Structure formats: structure tokens, C-alpha cells
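On a predicted model such as this, the values are computed, not experimentally measured, just so you know.
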Amino acid sequence: MSWRSSFRCSKFRHIFGKSATKEHSYDGVPITRSVHDNHYCSANPCFIAVVTECAGGGSFLVLPIHHTGRVDPQHPRVCGHSGRVLDVKWNPFDDYCIASCSEDCTVKIWDIPVCGVQQNLTKARKTLIGHSRRVGLIEWHPTAENLLLSAAYDYKVLLWDVSQAGAVIRYPVRVVLMPIHHRYPSEALLLSVSFNTDGSRLAVTSKDRHVRVLDPRTGKILQVSSSSSHKANKVLYIGGLKLLLSTGSSSWNHRQIVLWDPDDLSEPLYEEDLDGSAGVLFPFYDPDTHMLYLAGKGDGNIRYYELSAEKPYISYLTEYRSLLPQKGLGVMPKRGLDVTACEIFRFYRLIAIKDLVEPLSMIIPRKESGIFQEDLYPMTAGNQAAMTAQEWLLGVNRGPVLMSLKPDPRVPNPYPETPAEKGLVRQLSSLRFQSSPAAVTEIGQDFIEVFLEEQLSYQDAKYPKDLSDLSGWQPDETQVPLWTYCCTPHCCEPAERPPPMTECEAFYKQQDEIRGLKEELHQKDMKIAQLEQDIKNTRKNMRATF
């Protein structure tokens, strides 16, 4: 019998969570006191949205992602709902579009300005009216644009096409679930929803605590879990591994996680009891690294696991611990991570007792962290839709459009390539097979002469020395000229004035300069401390020598 080691080697075994400092967090955010089991937070590379406490209606706060530090208590909000906001979700294909659902029985689609919300936003682009009771869940389709799923406490699950004309949409494009003959089955009141990778299947958990797999186009129930020992609360499709994960409680009221085969829910593939806490477990999955994160509502810790398609399916790695409990969590899409710091996941923890939104980065330590790590960042789902809503409704299934996270250091040339430059490229490519330095010198000299002649002719054409042909030109006193001549005696060419910055751009530029100065000061302090330590070590060595 061959010996098998119980130690499992993994490149993620040293993963750790790095929480942001208070100056890089969002302080002073009045987080909602609602007890609904949602995240109350959504993020994308441009903005972060947080549901806030508001008297006399519902509102949420939209902040630019770099607007960290203390948040003004009078900061403008999105406050068009007449009831408490229960969920917010950014459009995965439009960073300036967000959906919200509320206790006022409506779902609203908002357009966020590029520079952020500068005044209270009360008018939505679209209002979806189709539910008769509060709407608790919304979810965008992962591959088709403008498709939004909503589930409410009227036992209806509706699918909307938000690209329809009109400010108010009353009729959905699909009715996934609804009560029949005034019968309100518990399987129609959803607690959690999750699309698979191409959006052709929908996994849900209901009030009866069973897991179901549906066809979102027809609403037909394809699979139902029959396990009596697991009461499911949240469900999540594990893309790429053909698995389904649910979190909930066991017969002994212990929190547990269960893995299923989505094509056969008659028996679970894997079960594990975690602890005896009462908070809801929120699962988060990264399909690029096959990492699973489990965060409990009211907990201060986040567990990390690595999943595989073969037994034992799930392997525990480690956990992040904090003394501050989280009320909800937002997740940054992969295209918004800092790849130079080996960041593979980022949470935004809502800490209600401190009115704080704390970014938490999951980092894999590498010796050369400034270099792009190919194994950590494969091709991932981008912000481009794979198909239109009508194509999906007609039965087309397509996976997400992938993009690379590798930063491109090359800056594209905005000017067309001249014939001389094209000839130089061809000549230089032919030089790879030549070894004569004289040939290289001759080609370089010829190119320099041609280049200088073209530049001189370009300057003469753009700025003519003889201004007699411009005698008929009259300046417009109502407009500021785009260019003026320099006053210095050494400058003979006109200096172009950049367009004036807006107040928003000036503010963000000032914030970036302040961050840069703080970073330089921090680096200087570290350098001083290092030099002092080197001096102490040198003195000790000298004393030991003499």
C-alpha cells in the first residue's frame, strides 16, 4: 500500500487579508439598520454604493472609489425611493448604471454622473412596477445586457428588459415564478438567487429551505434538493467546476456548507458543519482561482477555502479575523483589483457599530510583487456583454467575454505613422540578420535626416513665419484664444493652453497629490528608521570587533 501525505501543497496556502487604514477607508457612513439578509453594498472600479439609514424614505450613498477618508454627513445621496432600500447592484456592463429595490414595491434604474453624485438624485432613468409587495432581491444577468431579475414578497420572480422605451416599465419580459389561483407556495418566496456562468440556469433557495435549479426562460423547476438534514439559506453556482454550493444550518442548528451536483440534487456531494453561530453565511467564489470565501453576518472573521472538481472537493486554508463585526459585504470585480500588489480579491466590510466601510484585500505574497503574475490572473470576465437581451430570450447561450488583467505599459501613438517611420521599421527588422555596424550607421543617419526635414516642414506649415496671409483674421473677444505666444525670449513657438479643469477634476487631482505626498513622507520615515537601525548594527559590530 502506497503512503499518501496528508499535506496538500497549494500556491494559495499563504494568502492573507490586509485591511485598509482608516484614512483609506470610508468613515462616517450611516449604514442602514435593516435586518434583511442582504449585502447592502456593491462596488465596481469607479464607485462604491452603500445603503444608508434615512428617515422618511430610502436612500443609498454613491462614492467615487478613491474618495476615502471622512465622508461629509451632508454628502448627496440617491434618494428616490419612498421606502427603505433593501438591495443595490451595479450593472456588470455599465459602471455608471445601478439598480435598487425597495420596500415601496418598485425597482429603479439610476444613471450616475461620471464625476459622482453632486446633488441629491431623486429622478431615476427607469422605474419597474410589477410587484405588489416589497422587493427583496435583484440580480443582473451575467452575459446578456439589460436583463434584470427581481424577487419580491408577493411570491413573484420577474425578469425585466430595462432597455425598453419609457420611464416606467409595467410588464416584464418573463415571469419566472408567480402564485397560481391565489395559492402562495413557500418555494416561490426566494431567499437567494444565483445564475450559472452563461445564465442558462438559475439556482434559488426558498422559504422552505430547499435548493432548486430552474430554467429562467420558462420558470420550469428542473431539480429540487431532498436532504432533510440541511436547511439552505444562500446558494451559489461554482463556475468551471460544475458544482453548486449552499450555506445554511443542520438539524442541530449548526452552520454548515454543502456541495451539490447541479444535475442531481437528490444527495449532497459534501457536507461540513462549521460552528454554532446564528448569523447567515454569505458565500463568495472566485472562478479564476477556485477560491471560496465564507463570511458570516455579525462575524468578524472570513474563512478561505480552495475548491476542486474531485474529492475531497474542498480544502480549508486559513481565515481572516477581526474584532469588528460585519453587517454586509461588497465585492470588487476582478478588473478593479491591484494586480501589481498580487491582490486576488477585495471585500468592502460594512462595520455598522463604527459607521465604517473598510476595504479588505486578499493578497498572495510573492517575492517580486511589482511584476504581473500570470498564474494568479488568467483571462477573466470583462465588462462587455456577450449578447443582447433579445438573443438570450430567443434561446441563445453564450459564456462571458473574457479580458486580460495584464497592464499594457505601451502608450498608443495618437498620430499616424509617417512613411519614413514605416521604412525605418522594415529596415531595422532586416538588420536582425545583419552584423555590419556600417549598415546600421548608414540607415540611422538617413533616417535622422529625413525625420528632421519632415519635422521642419511640419513646423513651417503649422506656424508660418510670414503672417501676411492672416491679416484678415479678427480675434473673437467673447472667447479666450486657445493659444498665445510665450513671453520668454527663448521660446519661439506658441504655447498651447490646456482646457480648464472642472471643480470635480481639480478636487480629485488635489487628492491624488496629497496621497502622493503622504506616500513620499511615509517612504522617507521608513528610510530614516532603516538607516538608524543600520547605524546601531554598525556600532554593535565595531564594539564586538574592538
Side-chain angles (χ1 to χ4, degrees), residues 32-42 49-54 56-62 77-92 97-111 121-141 146-164 166-179 184-195 202-207 212 214 216 219 233-235 280 282 327-328 330 389:
T32 179
R33 292 194 292 269
S34 174
V35 296
H36 206 73
D37 291 333
N38 277 339
H39 298 306
Y40 302 114
C41 179
S42 184
V50 182
V51 180
T52 58
E53 188 65 24
C54 179
S59 68
F60 59 95
L61 196 64
V62 175
R77 305 182 188 183
V78 182
C79 49
H81 284 285
S82 59
R84 192 188 297 266
V85 176
L86 298 181
D87 199 7
V88 290
K89 291 287 174 60
W90 287 103
N91 190 334
C97 174
I98 189 172
S100 62
C101 63
S102 169
E103 291 182 349
D104 62 3
C105 311
T106 63
V107 179
K108 293 180 181 289
I109 310 297
W110 307 87
D111 286 330
L121 190 60
T122 58
K123 186 176 181 180
R125 172 164 61 94
K126 301 283 184 181
T127 301
L128 315 181
I129 301 177
H131 293 285
S132 59
R133 297 188 65 184
R134 58 180 177 176
V135 186
L137 290 174
I138 52 176
E139 188 70 32
W140 291 96
H141 194 277
N146 297 321
L147 279 182
L148 181 69
L149 182 89
S150 64
Y153 280 75
D154 58 357
Y155 298 85
K156 292 182 182 179
V157 181
L158 308 178
L159 194 63
W160 305 85
D161 181 4
V162 300
S163 64
Q164 293 181 6
V168 178
I169 303 177
R170 299 182 181 274
Y171 302 103
V173 293
R174 286 289 188 275
V175 177
V176 182
L177 292 175
M178 67 177 301
Y184 299 93
S186 57
E187 61 264 20
L189 184 57
L190 303 190
L191 303 178
S192 175
V193 298
S194 177
F195 282 100
L202 180 70
V204 301
T205 55
S206 308
K207 189 178 178 181
R212 288 175 174 82
L214 312 176
N233 196 307
K234 299 294 179 181
V235 67
V280 176
F282 295 115
K327 183 179 180 66

Exercise for the section: Report the distance from atom OG of Ser132 to atom OH of Tyr155, rounding to the nearest 0.5 Å. Expected result: 11.0 Å

Problem - Pairwise distance OG(Ser59) to CZ(Arg84) - rounded to 0.5 angstrom - result: 10.0 Å

Fill in the blank from the handout: So OH of Tyr171 and CD1 of Ile129: to nearest 0.5 Å the spacing works out to 11.0 Å

Problem - Distance, nearest 0.5 Å, that separates NZ of Lys126 from CG of Asn146 - result: 9.5 Å

Handout entry: Closest contact, heavy atoms only, Ile169 versus Gln164
Key = CG2-OE1, 3.4 Å

Practice task
Take Thr52 and Thr32 through the side-chain contact (heavy atoms from CB on, under 4.5 Å) test and state the conclusion after the steps.
Solution key: CA-CA 4 Å; Thr52 58; Thr32 179; 6.0 Å; no

Problem - Flag side-chain contact, heavy atom, 4.5 Å: Val135 against Leu86 - result: no

Practice task
For the pair Asp161 (side chain) and Ser163 (backbone), establish whether a donor and an acceptor sit closer than 3.5 Å, ignoring hydrogens and angles.
Solution key: yes

Problem - Where Gly136 and Tyr153 come nearest, the two heavy atoms and their spacing - result: CA-CE1, 4.5 Å

Practice task
Assess whether atom CZ of Arg133 is packed by more than 12 heavy atoms of other residues, nucleotides or ligands within 6.0 Å.
Solution key: no

Handout entry: Lys207 atom NZ, neighbour heavy-atom count above 12 within 6.0 Å
Key = no

Handout entry: Heavy-atom check, side chain of Leu159 versus side chain of Pro172, under 4.5 Å
Key = no

Problem - Whether Glu53 side chain and Arg33 backbone form a donor-acceptor pair below 3.5 Å - result: yes

Practice task
Classify the angle between the aromatic ring planes of Trp110 and Phe60 as parallel (below 30°), tilted (30 to 60°) or perpendicular (above 60°).
Solution key: perpendicular

Handout entry: Heavy-atom pair with the smallest gap, counting every atom of His81 and Ser102
Key = ND1-CB, 3.2 Å

Practice task
Check Gly219 against Leu177 and note the closest heavy-atom contact, atom names and distance.
Solution key: O-CD2, 4.0 Å

Practice task
State the NZ-OG distance between Lys327 and Ser34, to the nearest 0.5 angstrom.
Solution key: 6.5 Å

Handout entry: Ala99 to Ile138 - nearest heavy-atom pair and separation
Key = O-CD1, 3.5 Å

Problem - Side chain proximity check, Asp87 to Lys89, heavy atoms < 4.5 angstrom - result: yes

Problem - side-chain contact (heavy atoms from CB on, under 4.5 Å) between Cys97 and Ile109, intermediate numbers included - result: CA-CA 7 Å; Cys97 174; Ile109 310 297; 3.5 Å; yes

Problem - Minimal non-hydrogen separation, Cys105 against Arg134, with atom names - result: SG-N, 4.0 Å

Handout entry: Verdict with reasoning, Val173 to Leu147, per side-chain contact (heavy atoms from CB on, under 4.5 Å)
Key = CA-CA 9 Å; Val173 293; Leu147 279 182; 4.3 Å; yes

Fill in the blank from the handout: d(Ser150 OG, Lys156 NZ) to nearest 0.5 Å is 10.5 Å

Practice task
List the steps and the verdict of side-chain contact (heavy atoms from CB on, under 4.5 Å) for Cys101 and Val107.
Solution key: CA-CA 4 Å; Cys101 63; Val107 179; 4.1 Å; yes

Handout entry: Asn233 backbone acceptor or donor facing Thr205 side chain under 3.5 Å
Key = yes

Practice task
Determine yes or no for a side-chain-to-main-chain donor-acceptor pair under 3.5 angstrom, with Asp154 supplying the side chain and His131 the backbone.
Solution key: no

